[in-house]
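What follows is a short report on a single structure.
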Amino acid sequence: MRVSGGRWWLVMLGLAVGFAVLVALPVPGVPGIWVRALGFVAIPLAVYARAVPGRWRVIFPRPRALDPVWALGFAMVGVLVLLGLGILLAGAADFSPNPLGGELLGMTPAERVLTFLALVPQLLGEELLAVLPFLALLSWLGRLRLSAGAAVALAGLGAVLLFSAAHLPTYDWNLLQCFVVVGAARVVLLAAYVTTGSVWVSAAAHLLVDWSLLGLIVAVG
């Protein structure tokens with residue numbers, strides 16, 4: 001999918017505005033979670049659709065029979081990667097807990113359900129935060145006449161680093177936690193997109209990972 005460099009910069013601006021809404025919009029409680037999540041996904045998606053009219057749906061192909069299988073498989077790998085690295089590196093740094101986990105423990109059952117549902121738009125937004133920079137970098141690197149494998153690897157590295165950096169405020173600026181643990185999980189989820197060409201699949205895998213880990217926090221209490 002060929003998109004001019006100027007349009008990609010417009011898409012990156014849309015992502016930046018959406019991310020600012022997610023982290024800074026001062027709306028309290030569960031309504032705030034929903035408002036921020038919807039703004040986070042709607043703003044960059046609207047800008048992307050405007051930048052590539054008629055072609056933005058390429059990353060959202062019609063669901064296929066094997067998509068749930070792919071999503072479940074990548075989700076299982078993602079959970080194993082997060083838990084495995086968390087255990088392996090626990091002695092190397094004091095990892096910060098996901099603040100949403102603490103919030104969930106103080107919620108009523110109804111508020112927990114609404115918060116878990118709000119993760120659907122939020123994590124779709126997080127997939128855009130990774131996939132759109134990946135596609136932008138892939139487009140820019142294509143002009144350097146690199147091999148396809150090298151271009152995908154470099155674009156993937158850039159997208160993973162950007163995604164990891166975006167999580168620094170969430171995890172108290174813990175570099176090891178964000179760039180190693182979160183970054184490794186992002187590699188798995190980006191591989192879900194690269195394998196299937198579908199943001200639906202990578203978003204579903206991401207949702208299953210977060211639901212599983214947050215559900216574990218709530219269950220353990």
Side-chain angles (χ1 to χ4, degrees), residues 1-23 39-64 66-67 70-71 73-74 77-78 81 121-170 175-176 178-206 209:
M1 181 171 54
R2 292 289 180 181
V3 181
S4 67
R7 292 191 177 190
W8 276 125
W9 282 116
L10 179 62
V11 173
M12 295 304 103
L13 177 60
L15 281 171
V17 173
F19 183 72
V21 167
L22 177 69
V23 300
F40 179 43
V41 66
I43 293 171
L45 190 56
V47 173
Y48 181 57
R50 179 69 176 175
V52 288
R55 290 183 289 171
W56 64 274
R57 293 184 181 87
V58 170
I59 64 174
F60 296 102
R62 182 175 299 178
R64 296 153 293 195
L66 288 179
D67 282 355
W70 283 114
F74 279 106
V77 175
V81 166
Q122 178 175 327
L123 296 183
L124 182 57
E126 290 196 18
E127 287 309 300
L128 294 179
L129 186 62
V131 170
L132 294 182
F134 170 73
L135 294 176
L137 288 168
L138 203 58
S139 176
W140 294 329
L141 289 169
R143 302 171 188 174
L144 301 180
R145 297 184 179 181
L146 299 174
S147 67
V152 169
L154 288 174
L157 176 61
V160 168
L161 290 175
L162 175 64
F163 186 85
S164 299
H167 281 74
L168 284 170
T170 301
L175 297 177
L176 184 65
C178 291
F179 287 100
V180 177
V181 181
V182 173
R186 182 66 260 174
V187 170
V188 174
L189 295 173
L190 190 59
Y193 170 75
V194 172
T195 301
T196 64
S198 174
V199 170
W200 296 126
V201 173
S202 61
H206 198 162
V209 169

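All residue numbers refer to positions in the sequence shown, counting from 1. FYI, side chains are in, hydrogens and waters are out, and symmetry mates aren't considered; it's all heavy atoms of this structure. Remember, it's a predicted structure, so these values are computed and weren't measured experimentally.
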What are the two closest non-hydrogen atoms of [X] and [Y], and how far apart are they?
X	Y	value
Pro53	Arg7	CD-NH1, 4.0 Å
Pro61	Gly197	CD-O, 3.6 Å
Pro44	Gly39	CD-O, 3.9 Å
Ser164	Gly183	OG-CA, 3.3 Å
Leu190	Gly156	CD2-CA, 3.7 Å
Pro121	Val41	O-CB, 3.5 Å

Answer yes or no: is there a side-chain heavy-atom contact under 4.5 Å between [X] and [Y]?
X	Y	answer
Leu22	Gln122	yes
Phe163	Val182	yes
Ser202	Phe74	no
Leu141	Val152	no
Leu124	His206	no
Val160	Phe134	no
Val181	Leu176	no
Leu137	Trp8	no

What's the separation between atom [atom1] in [X] and atom [atom2] in [Y], rounded to the nearest 0.5 Å?
X	Y	atom1	atom2	answer
Phe60	Ser198	CZ	OG	8.5 Å
Thr196	Leu66	OG1	CG	11.0 Å
Phe19	Phe40	CZ	CZ	6.5 Å
Glu126	Leu189	CD	CG	9.5 Å
Leu128	Leu123	CG	CG	11.0 Å
Leu157	Leu162	CG	CG	11.0 Å

Assess the residue pair Glu127 and Arg186 against the criterion (salt bridge (charged side-chain N to carboxylate O under 4.0 Å, His left out)); give the C-alpha distance rounded to whole Å, side-chain angles, the decisive distance to 0.1 Å, and a yes or no.
CA-CA 9 Å; Glu127 287 309 300; Arg186 182 66 260 174; 2.8 Å; yes
Hey, is CZ on Arg50 packed in by over 12 heavy atoms from elsewhere, all under 6.0 Å?
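Not more than 12 within 6.0 Å, no.
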Please check: side-chain N/O of Thr195 versus main-chain N/O of Ala192, any donor-acceptor pairing under 3.5 Å?
no
Verdict with reasoning, Leu175 to Val180, per side-chain contact (heavy atoms from CB on, under 4.5 Å):
CA-CA 8 Å; Leu175 297 177; Val180 177; over 6 Å; no
Leu13/Val47 under side-chain contact (heavy atoms from CB on, under 4.5 Å): CA gap, chis, key distance, verdict:
CA-CA 9 Å; Leu13 177 60; Val47 173; over 6 Å; no
Working for side-chain contact (heavy atoms from CB on, under 4.5 Å), residues Leu15 and Tyr48
CA-CA 9 Å; Leu15 281 171; Tyr48 181 57; over 6 Å; no
Working for ring pair (Phe, Tyr, Trp, His ring centres under 6.0 Å), residues Trp200 and Trp70
CA-CA 11 Å; Trp200 296 126; Trp70 283 114; over 10 Å; no
